[in-house]
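All remarks here apply to the structure that follows.
All heavy atoms count here, side chains included; hydrogens, waters and symmetry mates do not. Numbering starts at 1 and runs along the sequence shown. Just follow the structure's listing: the first ligand is 1, and inside any ligand the first atom is 1.
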Amino acid sequence: MNILLIGSGGREHAILKAIENDDRIEKIYAIPGNGAMVERCECIPEIKATDIDKIVEFAKNHPIDFAIVAPDDPLALGLVDQLEKIGIKSFGPNKDAAQIEASKAFAKDLMKKYNIPTAKFKTFDNKDEAIAYIEEEGAPIVIKADGLALGKGVTVATTIEEAKEAVIEAMENKKFGEAGNTVVIEEYLSGPEVSVLSFTDGKTIVPMISSMDHKRAFDNDEGPNTGGMGTIAPNVFYTDEIAQECMDQIFLPTINAMTQEGKPFKGCLYFGLMLTADGPKVIEYNCRFGDPETQVVLPLLESNLLDIMLSVANEELENQSVKFSDDKACCVVLASEGYPVNYDSGFEITLPETKENEYIYIAGAKEEDGKLITNGGRVLGAVAVAPTLKKAIDKAYELSDKIDFENAYKRSDIGKKALEKESKLNG
Ligand code: AMP
Ligand code: GLY
């Protein structure tokens with residue numbers, strides 16, 4: 001079987017590592033791929049993940065049996081619809097179903113209509129009305145650009161001034177382009193955050209092991225929001241009882257709602273949850289694997305990932321085993337100093353040999369003359385799996401300490417809050 005994998009980040013490298021030794025796979029093409037994926041894939045760096053026409057043209061001219069579309073943009077642009085039109089089965093939602101991430105207003109309306117717990121909200125396409133609403137509601141309050149904004153479209157405003165500023169930036173100054181023409185303004189929620197990725201074929205939903213992202217750039221959750229600076233799995237705040245509540249009140253109602261709306265969701269549906277005093281609430285849906293959640297979830301998956309993806313595409317997930325190990329995992333992201341604002345790239349990366357239960361997933365790096373060179377904000381993730389969370393964290397940091405490139409920056413407290421919670425739980 002030949003596979004086409006779309007994307008170029010650490011998430012895609014982790015997906016690749018999970019399937020690359022499957023005997024059934026001969027060739028893997030990656031569009032665009034990255035400097036580490038070239039070891040196993042034929043990478044096509046000249047085609048962007050968002051260039052739907054070129055990808056479809058490529059797929060027509062190559063013997064591809066199955067496509068895995070990992071990033072949000074090509075999903076939102078309808079790549080899966082186009083590939084299926086030319087007879088290529090794909091893992092990922094079609095354009096209509098990808099709306100669940102691509103339009104926050106759509107997602108919020110869906111939750112309201114189907115009574116899925118989420119923050120109270122209002123949607124605006126008029127700046128003055130948005131500002132009047134902020135004055136009425138007061139701060140703290142949360143402003144979200146409606147469309148895809150590289151994970152940077154959300155402002156958690158602690159003052160009314162900051163909230164108004166965010167509205168002006170999005171709606172008047174077009175900071176997020178078209179994505180900010182409509183904004184969702186919502187109630188501020190507090191509590192621990194949990195990421196739950198799930199496999200679903202539109203009929204059956206199977207949650208993966210839970211995880212915790214660390215979105216802020218600096219230690220103690222300070223500094224700007226990033227794509228994610230590190231993860232642990234499972235998430236210690238997510239008890240079996242909460243998991244059951246989420247299944248009954250959030251996961252199943254969401255896939256059923258999508259089907260009822262004529263947009264059945266097939267692929268990986270990501271639930272960004274906040275465990276509030278009033279119970280779990282949805283902060284966001286993503287129509288894809290999370291990054292860097294995937295880097296801690298897939299190393300714990302014991303079942304065959306390709307089988308699961310095929311069963312999702314064939315709508316046979318009900319009969320598919322999806323098992324996770326009892327171990328724990330930690331991913332420490334090494335970024336270029338200055339990310340997510342300004343940073344330099346172009347530095348050679350020196351990697352150590354990895355031992356069993358250690359993984360290095362490359363994100364922002366290209367290959368030049370056989371060398372790996374930094375080429376992005378988040379450069380790579382150092383991942384370790386161990387029987388305890390403490391060991392997984394220690395080992396991930398030890399591994400990250402052996403990786404060298406000029407300009408490397410990492411947080412030093414990935415998993416710290418989870419460890420504190422764990423020690424409280426254990427008395
Ligand atoms: P998102 O891009 O939707 O994941 O939002 C980025 C981050 O903003 C989330 O991970 C939360 O930490 C925070 N956030 C989003 N919505 C809310 C909310 N209603 N209340 C408090 N924090 C929020
Ligand atoms: N780590 C958050 C995301 O993938 O959106």
Any carboxylate oxygen within less than 4.0 angstrom of a Lys/Arg side-chain nitrogen, looking at [X] and [Y]?
| X | Y | result |
| --- | --- | --- |
| Lys108 | Glu186 | yes |
| Lys122 | Glu137 | no |
| Asp221 | Arg216 | no |

Phe289 touching ligand 2 at heavy-atom level, < 4.0 angstrom: no
For ligand 2, is there an atom lying under 4.0 Å from some heavy atom of Gly227? yes
Give the atom numbers and elements of ligand 1 that come within less than 4.0 Å of a heavy atom of [X].
| X | result |
| --- | --- |
| Lys215 | 4 (O), 10 (O) |
| Glu187 | 18 (C), 19 (N), 20 (N) |
| Ile283 | 15 (C), 16 (N), 17 (C), 18 (C) |

Atom CD of Glu241: over 12 foreign heavy atoms under 6.0 Å: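 No, the 6.0 Å shell around CD holds no more than 12 heavy atoms from other groups.
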Atom CD of Glu178: over 12 foreign heavy atoms under 6.0 Å: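 Result for CD/Glu178: open.
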Considering the heavy atoms of [X], write down every atom of ligand 2 situated less than 4.0 Å from one of them.
| X | result |
| --- | --- |
| Arg288 | 3 (C), 4 (O), 5 (O) |
| Asn286 | 3 (C), 5 (O) |
| Gly290 | 4 (O) |
| Glu293 | 1 (N), 2 (C), 4 (O) |
| Asp213 | 1 (N), 2 (C) |

Heavy-atom pairs closer than 4.0 Å: do any link ligand 1 to the side chain of Glu193, the backbone, both, or neither?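 Side chain only.
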[X] versus ligand 1: do any nitrogen or oxygen atoms come within less than 3.5 Å of each other?
| X | answer |
| --- | --- |
| Tyr188 | no |
| Asn225 | no |
| Leu189 | yes |

Using atom types as modelled and distance alone, determine if a side-chain donor or acceptor of Gln249 lies under 3.5 Å from a backbone N or O of Glu245.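 Absent.
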Going by distance alone, is a donor N or O of one side chain under 3.5 Å from an acceptor N or O of the other, for Asp240 and Gln244?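 Not at all, the side chains of Asp240 and Gln244 share no donor-acceptor pair under 3.5 Å.
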Closest non-hydrogen atom pair between Asp213 and Gly230, with its separation: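 Scanning both residues completely, I find the closest heavy atoms to be OD1-O, 3.2 Å.
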Can you tell me how the ring of Phe124 sits relative to the ring of Tyr133, calling it parallel under 30°, perpendicular over 60° and tilted otherwise? tilted
Checking Lys417 against Phe237: charged group under 6.0 Å from the ring centre and within 45 degrees of the axis? no
Applying a 4.0 Å heavy-atom criterion (strictly less than), which segment of Arg11 is in contact with ligand 2: side chain, backbone, both, or neither?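 Neither; no heavy atom under 4.0 Å.
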